[in-house]
Amino acid sequence: MKILVTGGAGYIGSHTVLSLLNNDFDVIVYDNLSNANIESIRRVENLTGKKVSFIKGDIQDKATLTKVFSEFVIDAVIHFAALKAVGESSTLPLKYYQNNVHGTLNLLEVMMAFRVYDFIFSSSATVYGGENVVPYEETMPLGEASSPYGASKVMIERALKDLAQANSEFRAVCLRYFNPIGAHESGDIGEDPKGIPNNLLPYVAQVAVGKRESLQVFGNDYSTQDGTCERDYLHVMDLAEGHVSAVNWLKKNSSFTGVEAFNLGTGRAISVLEIINAFEQACQQKIPYHFAPRRYGDLPAFWANAEKANKQLGWKATRNISQMMADTWRWQSNNPQGYPN
Ligand code: NAD
Ligand code: WQD
C-alpha cells in the first residue's frame, strides 16, 4: 500500500514515516522543507533500511501535487504539512490560513481529481477550545479556537465533514493529538525547532544542553496541584503508531465512509514542574528555571479521554514519562545543534 505523507520530513511526520516503513507500507514524502531538514528522511532510511520517495513541494502548488498523483498510484494520504507556531499565527493570520487551510483544500481537490479517497488529518486538542470540560471527548462540540492556528484546524475538520457529505466515497480520520514529545529511541531523529522553541520540551532540552540559559515557567498561580499548567504529554513514537493504526483501521473497515475523530493522548495530565523534575532525572543535571507571567491563551489543564482510540483503533500510548524524557535527552545530547545543515 502506497501512502503519500505531506509534511513527512517534520517532527511527527518523520517518526510516522519510520513506523509506516517498519510496517511495510510504501511511503512518498511531500514537504517544502519550510520547517524541516531532509536529513530526517536520510536518517529514517538508515534506521529502517528502506527507501522513501521524497518530493520537495508545497501543498499550495497544485501543479506539482498533480504531477505526484499522476506519477504514483496513491492509496491514502496522511496530511501533516502545516505551520504550527500558535503565537506567530496571531500576528500572521493570513499566512496561516493560506498555508494550512488553502493548502489542505488544494490537496483535497487533487485527491478528488485522482479518486484518492482515504485521508488522515493531523488535528489537535486545540479544537476543543476552552469551553469544554476535561477530559476532552470526541463527542464534544468543537470550541472557539483561541488562535488562527487553532481555527485552521477547526475549519479543516469542518471542510472534511462537508466533503464527506458531498462525496460518499471520501473517508477521513481526524487524529486529535494532545502534547507530543520525545524522540525515536535511537536518538537519531527528533524535534529540531528553528529559532527559539515555542513548546516546553524542546526549550527544556536546549537549556539542558547549554544552548539556552534558563527556562521561563509561564504562570505558577493556576488552580492546579502545583500552580503550573498541566498537559497530556505523549511519546511521539506512540503517536506515530497511532497513524499506522488509523491506516489499518481504514483498510479493515472498507464499508466505512464519512469522518471519524480520535483523541491521541495518554489520558493523564502532568505539570510543567513535574516535567522539569522528570527531565532532571533523565539528564542528571539541574534545569535552571524561573517563574514568569502566564502566557496568553494557555489553559490551566487539559487531557484526553483516549478510550475511543483504544476501543476502535486498538491503539494505546504505552511509553511512560521517564522514557519520553530519556529519549528527548538522547536526541538532544547526540544532536546539540539539531540536524546538520
Ligand atoms: P513540523 O513543523 O515539524 O512538521 C510540519 C511539516 O510540514 C514540516 O516538515 C514543514 O516543512 C512542512 N510544511 C509546512 N507547510 C508546508 C507546505 N505548505 N507544503 C509542504 N510542506 C509543508 O510540525 P509537527 O510538530 O511535526 O506537526 C505536524 C502536524 O501535526 C501539523 O499539522 C501540526 O499542526 C499538527 N500538530 C502538532 C502538534 C505538536 O505539538 N507538535 C500538536 C497537534 C497537532
Ligand atoms: C506546554 C506548557 C506552557 C514553554 C501547544 C499548542 C497546541 C499543540 C501543542 C499543535 C504550557 C508551558 C511552555 C515555555 C512554559 N500544538 N511552557 N515555558 O501550549 O499545551 O500546546 O502545542 O496543535 O495547539 O497550543 O504546549 O509545549 O507550548 O506548552 O512554561 O518556555 O508548558 O505555558 O503550560 P501547549 P507547549
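One-based numbering, in listed order, for ligands and for the atoms of each.
For G103, the heavy-atom gap to ligand 1 stays at 4.0 angstrom or more. At least one heavy atom of R231 sits under 4.0 Å from some atom of ligand 2. Note on ligand 1: G57 sits in its first shell, one or more heavy atoms being nearer than 4.0 Å. At least one heavy atom of Y233 sits less than 4.0 Å from an atom of ligand 2. In this structure, T6 does not count as a contact residue of ligand 1, since none of its heavy atoms falls inside 4.0 Å of the ligand. At least one heavy atom of Y149 sits less than 4.0 Å from an atom of ligand 2.
The backbone N or O of L201 lies less than 3.5 Å from no partner atom in the side chain of N199, so there is not a single donor-acceptor pair. The backbone N or O of W331 lies less than 3.5 Å from a partner atom in the side chain of N335, making a donor-acceptor pair. Of the possible polar contacts, none joining the H235 side chain to the A317 backbone as a donor-acceptor pair under 3.5 Å is found. With hydrogens and angles disregarded, no donor-acceptor distance shorter than 3.5 Å links the side chain of K211 to the backbone of A205. Remark: side-chain polar atoms of S40 are paired, donor with acceptor, to backbone N or O of A9 under 3.5 angstrom. Between the side chain of Q60 and the backbone N or O of H102 there is no donor-acceptor pair closer than 3.5 Å. Within the 3.5 Å criterion, the main-chain N or O of W315 finds no donor-acceptor partner in the side chain of E241.
A salt bridge is absent between E45 and R42: the closest approach of a Lys/Arg side-chain nitrogen to an acidic carboxylate oxygen does not fall below 4.0 angstrom. Looking at D221 and R294, a side-chain N of the basic residue comes within less than 4.0 Å of a carboxylate O on the acidic one, giving a salt bridge. Between R268 and E274 there is no salt bridge, since no side-chain nitrogen of the basic residue lies less than 4.0 Å from a carboxylate oxygen of the acidic one. Salt bridge present: R171 and D118 bring a charged side-chain N and a carboxylate O closer than 4.0 Å.
The two atoms that bring C174 and L160 nearest to each other are SG-CD1, 3.8 Å, heavy atoms only. Contact record, P340 with R43: CD-NH2, 3.5 Å, taken as the closest heavy-atom pair. For H79 against F121, the heavy-atom pair with the smallest separation is CD2-CD1, 3.9 Å. Nearest approach of Y149 to K84, heavy atoms of both residues: CE1-CA, 3.5 Å.
Residue contacts with ligand 1 for L33 involve N, CA, C or O but no side-chain atom from C-beta outward (heavy atoms, distance under 4.0 Å). The proximity of N198 to ligand 2, defined as any non-hydrogen pair under 4.0 Å, is limited to the backbone. Here N199 has heavy atoms under 4.0 Å from ligand 2 in both its backbone and its side chain. Contacts with ligand 1 closer than 4.0 Å are made by side-chain heavy atoms of K153 only, the backbone lying farther away. No part of T228 comes within 4.0 Å of ligand 2, judged by heavy-atom distances. At a 4.0 Å heavy-atom cut-off, ligand 1 touches S123 through the backbone alone.
Put simply, the residue from V44, V52, V27 that forms a side-chain contact (heavy atoms from CB on, under 4.5 Å) with L18 is V44.
Closest to atom 22 (C) of ligand 1 among all protein heavy atoms lies N32 OD1, 3.1 Å. Atom 37 (C) of ligand 1 has I12 CD1, 3.7 Å as its closest protein atom, hydrogens excluded (heavy atom only). The single protein non-hydrogen atom nearest to atom 25 (O) of ligand 1 is K84 NZ, 2.8 Å, given as residue, atom name and distance. Counting protein heavy atoms only, atom 11 (O) of ligand 1 is closest to D31 OD1, 2.7 Å. Protein heavy atom nearest atom 21 (O) of ligand 2, with residue, atom name and distance: N179 ND2, 3.8 Å. Of the protein's non-hydrogen atoms, the one nearest atom 18 (N) of ligand 1 is N99 OD1, 2.7 Å. Among all protein heavy atoms, the one lying closest to atom 12 (C) of ligand 2 is V272 CG2, 3.9 Å. Among all non-hydrogen protein atoms, the one lying nearest atom 39 (C) of ligand 1 is P180 CG, 3.6 Å. Atom 28 (O) of ligand 2 has as its closest protein heavy atom R295 NH2, 2.9 Å. Looking only at protein heavy atoms, the nearest one to atom 6 (C) of ligand 2 is V86 CG2, 3.6 Å. Atom 4 (O) of ligand 1 has as its closest protein heavy atom G10 CA, 3.6 Å. F80 O, 3.7 Å is the protein heavy atom nearest to atom 28 (C) of ligand 1.
For atom 1 (P) of ligand 1, the choice among T104, N35, N199, L201 with the nearest heavy atom turns out to be N35. Here atom 30 (O) of ligand 2 lies nearest to F218 when heavy atoms of F218, Y289, F291, Y203 are compared. Nearest-heavy-atom check against atom 27 (O) of ligand 2 across L200, V217, N220, D298 picks out L200. The heavy atom nearest to atom 14 (C) of ligand 1, out of those in G8, G7, S14, A82, is found in A82.
By the 3.5 Å distance cut-off applied to N or O atoms, A81 is not counted among the residues near ligand 1. At least one N/O-N/O distance between Y11 and ligand 1 falls below 3.5 Å. Ligand 1 has an N or O atom lying under 3.5 Å from an N or O atom of Y149, backbone or side chain.
Per-residue contacts place Q216 under 4.0 angstrom from the following atoms of ligand 2 (heavy atoms of the residue considered): 14 (C), 15 (C), 18 (N), 30 (O), 31 (O). Proximity to S124 (heavy-atom distance under 4.0 Å) selects the following atoms of ligand 2: 10 (C), 23 (O), 24 (O). The ligand atoms of ligand 2 that sit less than 4.0 angstrom from a heavy atom of C229 are 34 (O). Taking every heavy atom of S34 and a limit of under 4.0 angstrom, the matching atoms of ligand 1 come to 10 (C), 11 (O), 13 (N), 14 (C), 15 (N). The ligand atoms of ligand 1 that sit less than 4.0 angstrom from a heavy atom of S124 are 43 (C), 44 (C). The I59 neighbourhood of ligand 1 comprises atoms 17 (C), 18 (N), 19 (N), 20 (C), with distances under 4.0 Å to a heavy atom of that residue. Close approach to S122 involves these atoms of ligand 1, each under 4.0 Å from a residue heavy atom: 29 (C), 30 (O), 32 (O), 35 (C).
Using cut-offs of 30° and 60° for the angle between ring planes, the F279 and W329 rings count as perpendicular.
Figure legend: cation-pi geometry between R176 and Y136 absent, as NZ or CZ is not positioned both under 6.0 Å from the six-membered ring centre and within 45° of its axis.
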Could you list the donor-acceptor pairs under 3.5 angstrom formed between side-chain atoms of residues 249-260 and any protein atom two or more places apart in sequence or on another chain?
| from | atom 1 | to | atom 2 | distance (Å) |
| --- | --- | --- | --- | --- |
| N253 | ND2 | W249 | O | 2.8 |
| E260 | OE2 | K308 | NZ | 2.7 |

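For H243 and F80, the distance between ring centers is under 6.0 angstrom.
In this structure, L234 is a member of the same hydrophobic cluster as Y11, with clusters built from ILVMFWY side-chain heavy atoms closer than 4.5 Å.
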